[in-house]
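Side chains are part of it too, since the values below use all heavy atoms of this structure and drop only hydrogens, waters and symmetry mates. Labels below follow one simple rule: chain letters A, B, ... track the order of the sequence lines, proteins then strands, and each chain is numbered from 1.
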Amino acid sequence: MKQRLQQLLMQSLEVLIDNNILENMPENIRIDHSKNKAQGDFASNIAMLLSKQAQCSSKVLAQKIKANFPDSVDVEKIEIVGPGFINFFMSQSSNALVVEDIIKQGGNYGLSNIGMGQRVLLEFVSANPTGPLHVGHGRGVVYGAAVAHLLRAVGFEVDCEYYVNDAGRQMDILAISVYLRYVETEQFPDNGYKGDYIFDIAKKIKGIKKLDIFTNTCKDISKCKIQKNSIDKERHIDDLIANCKFQLGSDYRKVFDFSINSILSGIKIDLADFGVEYHQWFSEQSLVDSGLSEKIVKKLQDLGYIYEKGGALWFRTTDFGDDLDRVVVRDNGIHTYFSYDIAYHFGKFERGYDRIINIWGADHHGYIARVKASIKALNYNPDKLEILLVQFVNLFRGGKKVSMSTRSGSFITLKELREEVGNDAARFFYILRKSTQQMDFNLDLAKSKSNENPVFYIQYAYARICSVLKQGKPFMADIDLLVLNNELESLLIKELNRYKDILQSSALNYEPHVLACYLRKLAGYFHSYYNNSEFLVDDDKLRNSRLLLITAVQQILSNGLNLLGISTPNSM
RNA sequence: GCGCCCAUAGCUCAGCUGGAUAGAGCAACGGCCUUCUAAGCCGUAGGUCACACGUUCAAAUCGUGUUGGGCGUACCA
C-alpha cells in the first residue's frame, strides 16, 4: 500500500513538473508510517524538501501536490498540516486488506526478494577454542544467527561460517595447560588457562591413557620443564611450550589435538543447543597445511608490498590506509595471525560471494584497517567486506561489575545461562538491544526473575490467541473487516501494516532489535485489545472478523519470533 | 598521546537512518479477575535527550569542540 501511495504521489509531482512548478523528480520519495492516528496513516515531508526548488512556501507546494493528487479508492482524505506535512488517511477497507494478505500468505507473509538471491558469507562468533563459550560471546551468537535469518527472509542466500583459530601460540598454551593439569604439577604458570574445564579435559585424557594413547611416560618430564629462570612471564610460557614439545615428541600433538577437539565439540554442542547452525567451520590450520598463507605472502612480495626489517617480513599496509605497517612473518619464521587472516579473507573473496560480512567483538576494531588494506592490495574491493562490531556486555553480579576472562577461568558459560533462564529469555535479552550499544547484563536479575523478560510478554500474547482460537475459529464466509473500527482494532491493523517495512529495514540494516521492539509493541496492542474487547461474541460477523484479526496478529508474532529464533508456545 | 564506539526517566533500554506534544519495561503510587489465560490491562508521577556552539523551514538524530565512560594501539591470537 505504501508503494501504491508512492506511485500516486509521483503522478502528482509529474503534473507539477509538466507545469514548470517543479524542475525534476526527486530520487527518493519517502513516505513514512504516521506516528499517531491524528496524523493519518502515512505522511510525506516532500513539500518541505522541494519548496526551495519550487520557489514557494512548503505549505503552498503541499496544497498544489494535494490538488493534483489522483483520485483513488484507497485514499480517503489528504490533510496539510504544520509546516507542510502531507498526511494521508487511507480508507478502512484498504487498511484492512493487510489482514487478508497475512491470512492468505501465512508463514510466507513479509518475505521479499530484495536480496535477489545474492550470496552472502556471514562469519560470526569465531571465538578461540581455548575455552567454552561464555555469556560475553552470547551476544555475537544470537546477533549473528538473527542477522542470517533476517537476510534470508529478504532474499539473500546466506552461508554461516565459524573461523576456528586452531593454529598459533594460544593453542600451544592451551595444550600445555591441559598437560600440566594432567601431570598434576603444583607449579602452574600464571598465564596458563586456569579454568576448571582444563581439569576436565585432563581427566578425560587419563581415561584414554588406558587405551595407550601415550607411548611415553610423562610424569618425570614435567619436573624438569618447570623452570622459573625466565623472569618474563610470556617468555617463560614459550619456554614451557618448547620444552614440552621436545620432551613429549609425537605425544605433544596428541595432547594438543585432544584438547582442542574437546573444546571445539563443546562449542559446537552449545551452538546447536542454542539453535544456531553453521555451514562451515573453517580451520586456520588448513591455511598453513594448504600452503595458502605462504602463497599469499609470496604474492604480496611479488607485488612489492613486503619488506624486511629486524629479521621479520613487514607488509606495507600504510600504502592502503592503515596506521602502521604490520608483520606477516616473524623473525623466527612463523607467520603471524594477521598473515593467516589475509589468506583467509582472500579465500573468502575467491569463493565468489556477493557480500562478505564479519561480526566481530568491538575489541577487534583495530583490525579493520589492516584487513581492508590487504584486500585492496590483493586487488579486491574492500567495500564488499562489511565488518559489524558488536559492543561488549558488562556483567554485574551483586551490583558489582565482574570481568570475564577465559585465561583466568573466571566466567559464566553460555550453557549455564541457558539452563538457568531458558533459551528464549536468553536470546531475547541479547536481541532487544542494538548491537552498537554497550549493554549491562545483571546476572542476578537474569537468573532469579526471568519472568521479567519481555519475551514472555510476546509469547503470552501468542498463547492467549491460541487459547481463544481453540474455542472458536473464524468462518471465512461470514466476515466483514469494516466492522473492525474501534480504536484498538485500528491500532492493531495499522501496526500489522508496518510489519513488512520493519522486517525489511531490520534486515538491510542488520538490526534485529528493530524487529524485536516491533513485536513487543504489537503484543502490547493485542493485550490492550484483549482486555478491552470480547472476541467470542454472539454477532457472527463481528465474532468472525475479530477472530480473523487476532489470527493475523498470531501469524505475525509467529513469523517474527521464528526469525529471531524464539519459540511460540501454544499455552503458558 | 592517537584511533574506534558510546552518553536519553532513579535503573535497563527504544526512538523507524533530520520531522509534528521524546517512548517502553522495572522500581513508586492508585485502580481492574462470578465473563475468551492477571506472565495481562487502565491510570498517576518521573526528562535542560551529558554540555556548548554550528548546519536549516525543522536536531535526541548531522558537523565541530568540551566533559565523562568502554575498547584498541604486539614479531599474541
Side-chain angles (χ1 to χ4, degrees), chain A residues 30 32-36 38-39 43 45 47-49 51-52 57-59 81-85 87 128 130 165 167-171 173 234 238 284 309-314 323-324 326-338 340-341 361-369 389 391-392 394 429 432-434 436-442 445 449-457 459-461 463-472 498 501-502 505-506 508-509 511 513-514 516-518 520-521 523-524 526-537 546-547 550 571-572:
Chain A
R30 236 181 74 195
D32 295 316
H33 294 268
S34 301
K35 265 185 194 164
N36 59 52
Q39 294 164 5
N45 60 355
M48 272 105 83
L49 297 176
S51 64
K52 241 181 208 164
S57 78
S58 48
K59 222 165 181 172
V81 188
F85 287 104
N87 289 339
N128 287 352
T130 53
N165 297 117
R169 186 165 170 266
Q170 306 288 350
M171 288 298 107
I173 296 174
E234 296 304 319
D238 282 337
E284 182 183 8
K309 193 176 92 184
L313 294 184
W314 295 70
D323 302 337
L324 295 165
R326 310 289 171 180
V327 170
V328 284
V329 183
R330 282 186 261 163
D331 57 5
N332 60 8
I334 295 173
H335 286 225
T336 59
Y337 169 81
F338 176 48
Y340 298 134
D341 232 12
D363 55 335
H364 282 68
H365 66 78
Y367 280 84
I368 297 175
L389 294 177
Q391 291 296 317
F392 270 38
N394 294 315
F429 189 88
L432 201 57
R433 275 80 174 176
K434 67 178 169 206
T436 53
Q437 178 80 295
Q438 295 169 26
M439 72 186 233
D440 290 342
F441 197 131
N442 186 330
L445 196 77
K449 294 181 178 175
S450 60
N451 268 2
E452 280 181 15
N453 192 303
V455 75
F456 299 111
Y457 183 77
Q459 288 179 320
Y460 186 50
R464 271 182 153 174
I465 297 172
C466 290
S467 172
V468 174
L469 292 175
K470 223 187 291 175
Q471 295 160 67
R498 290 180 67 213
D501 285 338
I502 291 287
S505 74
S506 185
L508 295 179
N509 297 317
E511 290 182 330
H513 78 277
V514 169
C517 290
Y518 166 82
R520 189 175 52 176
K521 195 169 174 195
F526 169 75
H527 283 307
S528 295
Y529 185 38
Y530 181 95
N531 278 276
N532 176 73
S533 315
E534 206 176 337
F535 307 137
L536 299 169
V537 290
R546 284 186 170 170
L547 289 176
I550 65 168
S571 67
M572 286 173 75

Name the nucleic acid region contacted by Phe392(A), choosing base, sugar-phosphate or nothing; use a 4.0 angstrom heavy-atom cut-off, strictly under.
nothing
May I ask you to say what Asn128(A) touches in the nucleic acid, namely base, sugar-phosphate or nothing, with a heavy-atom cut-off under 4.0 Å?
sugar-phosphate
Applying a 4.0 Å non-hydrogen cut-off, can you work out what Ser467(A) is touching in the nucleic acid: base, sugar-phosphate, or nothing?
base
For Asp238(A), report the nucleic acid contact type (base, sugar-phosphate, nothing); a contact means any heavy atom under 4.0 Å.
nothing
Check every strand shown and say whether Arg498(A) touches a base, only sugar-phosphate, or nothing at a heavy-atom separation below 4.0 Å.
base
Is there a side-chain polar atom (N or O) of Ser528(A) under 4.0 Å from OP1 or OP2 of C42(B)?
yes
Classified by glycosidic angle (syn within 90° of 0, else anti), C33(B) comes out syn
Under 4.0 Å between any heavy atoms, over every strand shown, what does Gln437(A) touch: base, sugar-phosphate, or nothing? Just pick one.
sugar-phosphate
Please determine whether any donor N or O and acceptor N or O are separated by less than 3.5 Å between the side chain of Asp32(A) and the base of U17(B).
no
Nearest-nucleotide 5' precedence on RNA chain B, Asn165(A) against Arg520(A)
Arg520(A)
Return the stacking result for G25(B) and Tyr457(A): yes when the ring centres lie under 5.5 Å apart and the planes under 30°, no otherwise.
no
Can you tell me whether the side chain of Asp323(A) and the base of G3(B) have a donor-acceptor pair closer than 3.5 Å?
no
Does Ala463(A) reach a base, just sugar-phosphate, or nothing at all? Heavy atoms under 4.0 Å.
base
Base, sugar-phosphate, or nothing: which does Met171(A) touch, judged by heavy atoms less than 4.0 Å apart?
nothing
Using a 4.0 Å heavy-atom cut-off across all strands, classify His513(A) as base, sugar-phosphate, or nothing.
sugar-phosphate
Looking at every strand, decide which applies to His365(A) at a 4.0 Å heavy-atom threshold: base, sugar-phosphate, or nothing.
base
Just to confirm, is there a sub-4.0 Å distance from OP1 or OP2 of C13(B) to any side-chain nitrogen or oxygen of Lys434(A)?
no
Any side-chain N or O of Arg169(A) less than 4.0 Å from the OP1 or OP2 oxygen of C75(B)?
no
What class does the angle between the rings of Tyr457(A) and His527(A) fall in, given that below 30° is parallel, 30 to 60° is tilted and above 60° is perpendicular?
tilted
For a quick check of understanding: with a heavy-atom distance under 4.0 Å over all strands, which category does Ser571(A) fall into, base, sugar-phosphate or nothing?
base
Side-chain atoms of Ser505(A) come closest, of C16(B), C71(B), A20(B), to C16(B)
Within the structure shown, what part of the strands sits under 4.0 Å from Gln438(A) by heavy-atom distance: base, sugar-phosphate, or nothing?
base
Looking for any heavy atom pair under 4.0 Å, which part of the strands does Ala167(A) touch: base, sugar-phosphate only, or nothing?
sugar-phosphate
At 4.0 Å (heavy atoms only), tell me whether Lys470(A) reaches a base, stays on the sugar-phosphate, or touches nothing.
nothing
Would you call the rings of Tyr530(A) and Phe526(A) parallel, tilted or perpendicular, taking 30° and 60° as the class edges?
tilted
